Amino acid sequence: MNTDIFTAHESNVRRYGRSFPTVFTKAVGATIWDEAGKPFIDFLVGSGALNYGHNNPTIMAPAIEYLAGENILLSLDMYTAAKRDFIEAFVDSILKPRGLSYKIQFPGPTGTNANEAALALARKYTGRSSVMAFTNAFHGMSLGSLAVSGSASTRELGGVARHDVIRVPYDGYPNQAFDSASYIDCVLGDPGSGIEKPAAIILETIQAEGGMNTASAAWLTEIQRICRKHSVVLIVDDIQAGAGRTGDFFSFEFAKIEPDIVCLSKSLSGSGSPFSIVLIRPDLDIWNPGEHSGTFRGNNLAFVTAGAMCKMWSDRQFTAGVERTAAKLQRHLDHLVAKFPRCIEQKRGRGLMAGLKCHSQAIVGRVHDAAFENGLLIESSGPNRDVIKVLPPIVVTDDELDHGIAILNQALQEQAND
């Protein structure tokens, strides 16, 4: 397997190529093949950007037709038929059935573009500069997103100081005995706390890169109440946890909250094509025309595939299948936790966004390598890289899911026997 050209010419910053040293050529559903013809079950799925699997025919068929028809691919923020069709599909299949009403902003194509836009709008709307963010958060790789991320190594990137961020404990940090919501309510209401009222609180309902830490419905409900009490904008970063990953379309649905701003990207296009949106409570939409921009905010191919993805959520057979698969994955992981107490401390996550907190980074590293050798792609997360992320496509077949779990079981068994 010749990978010399990557070593010779690609930047040292490359990561996944080092973790999976082979050359991939083809992918369908939850299976990806390298150029030697070896299949791998994909529990990485583009770090959550391929929730609907590789080359999902329901999503890709309209894209192929669109490409063959000499249609518009890039349109800035001009009106196009593809953009209109996406908005109609998103409103009719996603927002209306959930009783949600948002304006839709199209920023640049990545998740960090969405988060930057959300933070800028919250600051513009409130006239305040600071933002409250959480321990172990991750919100992207541009400067504003880096500033509100929790990891010290992440925040140090860019080489410039980042101010106006108030760091507070996430749900369950440092332990379940500490009530972080009450702490936040207290410091925002106490003029002697030394903490100024922020423009926004930004959070992930599941901190994927932070170690698959999961917020409870009660905590999220309380954070929303606190935001409304103190006139603070609530931003939910649903970039990795959204678009179906937890079993619902939005990761916050289970808590029955309605954030002021929601950021979506990663699997929003359904195809891996870069695409993000910011959902804005209508009265917060105080942008002036052209005040926030992005050359690639008019990715029409992504509009087409995202529209097809949205319509899938109007199919009760599809949504029932996602619920069933999520329940099956959770049963598999419960079995692994019970079987390998020497390796695994606890199960984390929710739905099809799951993780296994292990006793050490070394265990995760060895499990990762053994799994890859046997045909499974997984990755680690957490500040100590001691959590195995388990992210199969939400449309994974029973056979693919069972096969992937069997490989993971074998890799854990090898560690338990050492």
Side-chain angles (χ1 to χ4, degrees), residues 13 15 47-48 105 107-171 173-174 180-181 183-184 187-188 193-211 213 215 223 226-227 230-242 259-266 274 276-280 284 287 291-294 381-385:
V13 78
R15 172 188 169 191
S47 195
Q105 179 182 352
T110 71
T112 197
N113 294 140
N115 282 335
E116 294 280 6
L119 294 168
L121 180 58
R123 285 171 166 137
K124 175 180 172 67
Y125 180 81
T126 62
R128 306 180 205 125
S129 62
S130 66
V131 172
M132 190 168 276
F134 290 95
T135 51
N136 289 314
F138 178 76
H139 296 289
M141 297 301 290
S142 53
L143 286 181
S145 298
L146 285 170
V148 293
S149 295
S151 169
S153 62
T154 297
R155 286 184 285 111
E156 289 165 2
L157 294 172
V160 298
R162 286 171 289 280
H163 306 291
D164 292 330
V165 175
I166 304 162
R167 189 77 49 197
V168 290
Y170 191 70
D171 191 17
Y173 184 97
S180 63
Y183 168 78
I184 293 166
V187 298
L188 291 184
S193 70
I195 294 177
E196 63 182 280
K197 185 178 291 187
I201 290 178
I202 184 169
L203 63 85
E204 307 152 274
T205 67
I206 301 176
Q207 296 182 320
E209 303 311 312
N213 308 309
I223 293 296
I226 292 165
C227 285
H230 296 284
S231 300
V232 174
V233 175
L234 175 59
I235 302 171
V236 169
D237 173 348
D238 227 13
I239 287 161
Q240 188 164 160
D260 300 310
I261 299 177
V262 181
C263 300
L264 291 169
S265 187
K266 283 195 181 282
S276 75
I277 60 175
V278 182
L279 303 178
I280 306 167
L284 266 67
W287 289 122
E291 187 175 12
H292 193 278
S293 189
S381 74
N384 299 309
R385 312 308 295 181

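Worth saying up front: this structure is predicted, and the values here are computed from it rather than measured.
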List, one per line, each side-chain donor-acceptor pair under 3.5 Å for residues 230-237, sequence neighbours excluded.
residue	atom	partner	partner atom	Å
His230	NE2	Asp185	OD1	2.8
Asp237	OD1	Ile239	N	3.0
Asp237	OD2	Asn115	ND2	3.0
Asp237	OD2	His139	ND1	2.8

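Between Asn136 and Pro383 the shortest side-chain heavy-atom distance falls below 4.5 Å. For the pair Leu284/Ile261, a side-chain contact is recorded, criterion being any heavy-atom separation below 4.5 Å from C-beta on. Side-chain contact check for Asp164 versus Val131: every heavy-atom pair is 4.5 Å or farther apart. Residues Ser180 and Tyr173 fail the side-chain proximity criterion, which asks for heavy atoms closer than 4.5 Å.
Thr205 OG1 to Ile223 CD1: the interatomic distance, rounded to the nearest 0.5 Å, is 13.0 Å. We find the OG-CZ distance between Ser149 and Arg167 to be 7.5 Å, quoted to the nearest 0.5 Å. Atom CD1 of Ile184 sits about 5.5 Å away from atom CD1 of Ile201, to the nearest 0.5 Å. Going from atom CD1 of Ile166 over to atom CD of Glu196 covers 5.5 Å, rounded to the nearest 0.5 Å. Here the straight-line distance linking atom CG of Asn213 with atom OG1 of Thr135 works out to 7.5 Å at 0.5 Å rounding.
Taking all atoms of both residues into account, the shortest heavy-atom contact from Met132 to Leu188 is CE-CD2, 3.8 Å. For the pair Ser130 and Lys197, the tightest heavy-atom approach, listed with the atom from each and the gap, is OG-O, 3.7 Å. Across Ala122 and Ala200, no two heavy atoms sit closer than the pair CB-CB, 3.7 Å. Annotation for Pro107 and Gln105: closest pair CD-O, 3.2 Å, computed over non-hydrogen atoms. The two residues Ala114 and Leu264 make their nearest non-hydrogen contact at CB-O, 4.4 Å. Summarising the geometry of Leu143 relative to Glu116, their closest heavy-atom pair is N-OE2, 3.6 Å, with the distance given to 0.1 Å.
Ser265 and Ser276 share no donor-acceptor pair across their side chains, judged by distance under 3.5 Å alone.
Judged as a ring-ring contact (aromatic ring centres under 6.0 Å, His included), and not counting sequence neighbours, the contacts of Tyr170 are Phe134, Trp219. Glu209 pairs by the side-chain hydrogen bond (donor to acceptor under 3.5 Å, both in side chains) definition with Gln240, Lys389, not counting sequence neighbours.
Looking only at distances, a side-chain donor or acceptor of Ser193 sits under 3.5 Å from a matching main-chain atom of Ile195. Using a distance-only test at 3.5 Å, with no hydrogens or angles considered, no donor-acceptor pair links the side chain of Arg128 to the main chain of Arg123.
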Practice problem: May I have the step-by-step check of side chain to side chain contact (heavy atoms under 4.5 Å, CB included) for Leu119 and Val148, ending in yes or no? | Solution: CA-CA 10 Å; Leu119 294 168; Val148 293; 4.3 Å; yes
